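Below is one structure, written out as structure tokens, with a few remarks after it.
Ligands are counted one by one from 1 in listed order, and the atoms in each one are counted from 1 as well. From a predicted model like this one, the values you see are computed outputs, not experimental measurements.
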Amino acid sequence: MEATINGITLHYEDRGQGLPVLLIHAFPLNSAMWQPQLDALAEEFRLIVPDLRGFGGSTVPPGPYLMEQFADDMVALLDHLGLEQVVVGGVSMGGYVTFAFWRKYAARVRALVLSNTRAVPDTEEARTGRENNAQLAEREGVGIIAESMLPKLLSPGASADLRERLYAIVGRNQPAGIAGALRGMALRPDSTELLPQIKIPTLVLVGAQDGISIPAEMHTIHQHIPGSWFTEISDAGHLANVENPTHYNEALRNFLQHL
Ligand code: MLT
């Protein structure tokens with residue numbers, strides 16, 4: 001499906017009925033990474049799964065894409081769908097967008113799902129790395145980004161089949177979108193001060209073998225959000241929702257059923 005919002009076309013899936021849940025994808029993927037959740041959970045919940053600007057089937061405007069701008073797009077999509085309040089969740093970069101959404105549009109949030117993400121901003125070194133990768137993508141295309149990033153996104157035990165599927169998803173993105181998101185992530189603010197102010201139901205999820213948003217760091221996020229739920233997904237790295245969808249879906253379903 002497509003929505004014209006904020007001067008761009010946003011591609012999204014809108015599946016199922018019931019409690020509406022907005023799920024925001026990680027970098028450098030797109031909405032296709034939520035297929036295991038669409039397959040398993042759309043019979044119980046309404047899943048809204050967009051391609052952020054710059055990704056998948058959405059328009060690729062010039063970057064940088066600030067996390068706040070992504071959040072503005074998400075709220076415009078909810079307006080387009082006539083939805084006042086939804087559960088908002090995301091993996092990694094999708095989590096950065098979730099923090100931005102909460103910062104600006106808290107009244108539109110029924111509950112939060114913070115998955116394999118970080119509340120801290122980038123270090124100077126990380127910012128430099130992002131700019132180098134943005135230029136690399138612009139020069140050489142997305143294949144090189146997929147090759148360098150995918151090993152970090154999965155646990156060593158991930159199957160060759162899963163690696164190939166993810167490689168194909170990344171390959172459907174464009175260099176300008178990849179570069180725009182890298183430069184936008186480098187500019188994201190610190191969200192640690194938001195954590196104690198989150199007074200709505202929140203689920204914190206991490207892959208047991210996540211090397212990017214490591215379990216100890218995600219556990220600290222959980223400890224700072226009053227009353228939050230925490231689940232460590234076994235046999236999974238950074239993209240826990242695709243690596244162990246059975247455990248991930250069970251944790252997500254259990255949380256959503258309690259709302
Ligand atoms: C992601 O999975 O979205 C990225 O690892 C986020 C990041 O590069 O900070």
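Sorted by first and then second residue, the salt bridge (charged side-chain N to carboxylate O under 4.0 Å, His left out) pairs with a member in residues 243-252 form an empty list; sequence neighbours excluded.
Under a 4.0 Å N-O distance rule, the pair R130/E124 does not qualify as a salt bridge. Under the 4.0 Å criterion applied to side-chain N and carboxylate O atoms, R127 and D122 are not assigned as salt-bridge partners.
Looking only at heavy atoms of the protein, atom 8 (O) of ligand 1 is closest to R130 NH1, 2.8 Å. Atom 3 (O) of ligand 1 has F27 N, 2.7 Å as its closest protein atom, hydrogens excluded (heavy atom only). Among all protein heavy atoms, the one lying closest to atom 9 (O) of ligand 1 is Y96 OH, 2.5 Å.
Counted by atom type alone, D235 and N244 present zero donor-acceptor pairs between their side chains at under 3.5 Å.
Shown in contact with M93 at under 4.0 Å from a heavy atom are these atoms of ligand 1, numbered in order with element: 1 (C), 3 (O). Listed by number with element, the atoms of ligand 1 under 4.0 Å from a non-hydrogen atom of H238 are 1 (C), 2 (O), 5 (O). Near S92, meaning under 4.0 Å from one of its heavy atoms, ligand 1 places the atoms 1 (C), 2 (O), 3 (O), 4 (C), 5 (O), 6 (C).
When heavy-atom distances to ligand 1 are checked against a 4.0 Å cut-off, M185 comes that close only through its side chain, counted from C-beta outward. No part of H25 comes within 4.0 Å of ligand 1, judged by heavy-atom distances.
Here the options are D190, L195, L112, the test is side chain to side chain contact (heavy atoms under 4.5 Å, CB included), and the partner is F99; only L195 passes.
A heavy-atom separation below 4.0 Å is not found between K152 and ligand 1.
In summary, the aromatic rings of H222 and W229 are positioned with their centroids too far apart to meet the 6.0 Å limit.
Residue H80 qualifies as enclosed at atom NE2: its count of foreign heavy atoms under 6.0 Å is above 12.
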